[in-house]
J.: 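A single structure is presented below for examination.
Numbering of ligands and ligand atoms starts at 1, following listing order.
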Amino acid sequence: MDPHSYARPEEAAATHLDLDIHVDMKQHRIRGTATYNLKRQGGDSVIFDTDGLAIDKVTLGDGTPAAFTLSAKDSILGQALRVALPQGADKVAITYSTGAAAKALQWLAPEQTADKKFPFLFTQGEAILTRTWIPVQDSPGIRITYNARVTVPKELMAVMSATNPQERSTDGTYTFKMDKPIPPYLIALAVGDIHFKATGKRTGVYAERSMVDTAAWELADMEKMVEAAEALYGPYRWGRYDVIILPPSFPFGGMENPCLTFATPTIIAGDRSLTSLIAHELAHSWSGNLVTNATWDDFWLNEGFTVYFEHRITEALYGKDYNDMTSLLGYQDLLGTMAEIDSGKHAEDTALRLKLAGRNPDDGMTDVAYEKGYAFLRVIESKVGRAKFDAFLRGYFEHFSFRGITTDTFKTYISKELLVPEHVALNMDEWIEKPGLPANLVVPGSGKFKQVEGEIAHWAQGTPAKSLATAGWSTFEWMHFLRHLPSGLQKAQMDQLDAAFRFTASGNSEVLAAWLEQCIKNDYEAAYPKLEEFLTTVGRRKFLVPLYAGLMSTPKGRALAMQIYAKARGNYHSVSVNTVDQLLAWKENKPPVAF
Ligand code: BES
Ligand code: ZN
């Protein structure tokens, strides 16, 4: 049972969706019909999840009207749409339109895009937002195939998590097909002045016109990543693998929508240094999209496995040093998250298996699933050896392909297939069910980072910044450097660092964000105009949270946070708004400032 869905698939489960919608870029509304094929096993109704949708009418397969009711609205789950089904009825068609505040959708004005000429729309379904733009059985344990017909203004193009066009249609009509069963959180749509450029025979990028060449250059390794992934864990099952670079308000680094990863433009650094994010989203084509967490309590099955797989892809392409550095950065993130959760009111969120019933799942989905999940898999790998662990994972992806599984199913499977035959003793329940970090965690080490620490020590002892041995440092060494600067830096010291390394002017979002955190800590006012510019253009939550949280720790910073957020809030997607509202205890009384 999924506590975040009203659906009762054991009575009537949707198996296929035919979506026929019109996207109104002026009214900010999607309107159309969702027609479902049903598999029935008893009961006299079918239940869908909806949130903020206006339901115009519901009919059965033969076109006759069907009786339906909407339950009272729950602030997290939305409303259950119950459609009465006569005996033998196996199809329903729901005609609906989206509400003004549909949480999955972000409607962008031209000014909020790269080229500033055309409006843009993107959707974000994970975790439980698909129900805000399609009436759907919105549980990750349910899978459907889909066909879609989408009409948009004819100067724009539409793309989805499915087979995609590579050129504009003449009339603004696009058709899509996803013939593999996917969980509903992976249904996705983007509409805008989108162009395509191939990067390989089955890989390519979509982006706004001015970005498409830059993006194709940055992501040139995509084809190699797919090959490396297949060599590790079996064939790529989804046909093409493309990436769309979205406008900067996209709330995540990436989202693994099948066939078409949605990505933030903040990975375009100009030096290909931030592309491990693509390895991550690609890895979800196995862990997550092929084998899916059955409920959001099992989220670590999606993300922990994906971080492990991501590291294996980047190790194959870029080597061990690279991987040691990214593993250690991830471990630092984990320690930060553990400390934060421990000081909050949900200490149980540091267990791998979550207990999110009654809560917004998004609030419990943290680095724990990613980095503690990764650390757990590294422990198993170290116990059985890579060859056996890889064989196990290949079998796992094959065995559970196109299925949702729970943590219990995983536990039973790994015991039977790996731990018992290999006579491995493993503190599995301590890792999965208990909060905190078990003592057998292997702390990643990095020789490269040792050298960085040496340079920080030199600087602290008086070597001028410009004389430090930083030649050849990658983004990761700079991140480690910035994260480990001594505390309580004076203005002159910050000036010196910025003069030597030009952090404030950095075009690398990770480096810039790490620097801005230091600027906040040390109240380095010279960087505040840049901080404001960053926070008002970028909506990627991972960057917003530490910056706003840093500001909130002093009265002066707090005032600045409020002032910036008042301008920036209208530019963020609902998931970032939800998080930052909580962080700032923001009470919205005026309408968001238009951009
Ligand atoms: N599936 C996630 C994004 C997500 C998580 C959306 C939870 C909604 C709820 C995606 O694969 C992801 O993990 N993105 C990361 C990047 C990654 C390299 C860790 C991100 O957005 O930063
Ligand atoms: Zn992920």
J.: I'd like the name of whichever of Met365, Glu281, Lys542 reaches closest to atom 15 (C) of ligand 1 through any heavy atom.
T.: Glu281
J.: Relative to ligand 1, is Glu256 under 4.0 angstrom through side chain, backbone, both or neither, heavy atoms considered?
T.: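 It is the side chain that touches ligand 1; the backbone stays farther off.
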J.: Pick one: which of Thr407, Thr409, Thr292 meets side-chain hydrogen bond (donor to acceptor under 3.5 Å, both in side chains) with Asp298?
T.: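 Exactly one pass, corresponding to Thr407.
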J.: Taking the six-membered ring for Trp and the full ring for Phe, Tyr or His, determine whether the centres of Phe262 and Phe122 are under 6.0 Å apart.
T.: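 No.
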J.: Angle class for the Tyr308/Tyr374 ring planes (parallel below 30°, perpendicular above 60°, tilted otherwise)?
T.: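 Because their plane-to-plane angle lies in the 30° to 60° range, the rings of Tyr308 and Tyr374 count as tilted.
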J.: When the aromatic ring centroids of Phe392 and Tyr413 are compared, is their separation below 6.0 Å?
T.: yes
J.: Considering only non-hydrogen protein atoms, determine which one is nearest to atom 10 (C) of ligand 1 and report residue, atom name and distance to 0.1 Å.
T.: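 Its nearest protein heavy-atom neighbour is Gly254 O, 3.2 Å.
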J.: Would Leu277 count as being in polar contact with ligand 1, using the rule that some N or O on each side must be under 3.5 angstrom apart?
T.: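 For ligand 1, there is no N or O atom that lies under 3.5 Å from one belonging to Leu277.
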J.: Just need the protein heavy atom nearest to atom 2 (C) of ligand 1, so name the residue and atom and give the distance.
T.: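 Answer for atom 2 (C) of ligand 1: Glu303 OE2, 3.3 Å.
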J.: Checking the N or O distance criterion of under 3.5 Å, is ligand 1 in contact with His280?
T.: yes
J.: Which atom name would you report as the N, O or S atom of His284 nearest the Zn ion (ligand 2)?
T.: NE2
J.: Over 60° means perpendicular and under 30° means parallel, so classify the ring planes of Trp478 and Phe503, tilted if in between.
T.: perpendicular
J.: Could you tell me whether a side-chain N or O of Asp297 sits under 3.5 Å from a main-chain N or O of Leu356, the two making a donor and an acceptor?
T.: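 A pair under 3.5 Å: yes.
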J.: Could you tell me, atom by atom, which parts of ligand 1 come under 4.0 Å of a heavy atom of Arg540?
T.: 22 (O)
J.: Parallel under 30°, tilted from 30 to 60°, perpendicular over 60°: which one fits the rings of Phe305 and Trp300?
T.: tilted
J.: For the residue pair His480 and Phe449, categorise the inter-ring angle as parallel (less than 30°), tilted (30 to 60°) or perpendicular (more than 60°).
T.: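 Answer is parallel, since the angle falls under 30°.
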J.: Of all the atoms in ligand 1, which lie at a distance below 4.0 Å from a heavy atom belonging to Gly253?
T.: 20 (C), 21 (O), 22 (O)
J.: Can you label the angle between the Phe196 ring and the Tyr206 ring as parallel, tilted or perpendicular, going by 30° and 60°?
T.: tilted
J.: Please name the atom of Glu303, restricted to N, O or S, that is closest to the Zn ion (ligand 2).
T.: OE1
J.: Report the member of Tyr370, Phe543, Phe252 with the shortest heavy-atom distance to atom 12 (C) of ligand 1.
T.: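 That would be Tyr370.
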J.: Please state which protein non-hydrogen atom is closest to atom 4 (C) of ligand 1 and give its distance, to 0.1 Å?
T.: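 Looking only at protein heavy atoms, the one closest to atom 4 (C) of ligand 1 is Glu126 OE1, 3.3 Å.
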J.: Can you list the atoms of ligand 1 that are under 4.0 Å from a heavy atom of Gln124?
T.: 6 (C), 8 (C)
J.: Out of all atoms in ligand 1, which are within 4.0 Å of some heavy atom of His284? Include the element for each.
T.: 11 (O)
J.: Can a non-hydrogen atom of Tyr185 be found less than 4.0 Å from any atom of ligand 1?
T.: no
J.: Closer than 2.8 Å to the Zn ion (ligand 2): does that hold for any N, O or S atom in Glu281?
T.: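 Not a single backbone or side-chain N, O or S atom of Glu281 is under 2.8 Å from the Zn ion (ligand 2).
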J.: Please confirm whether the backbone N or O of Asn571 pairs with a side-chain atom of Gln106, one donor and one acceptor, at under 3.5 Å?
T.: yes
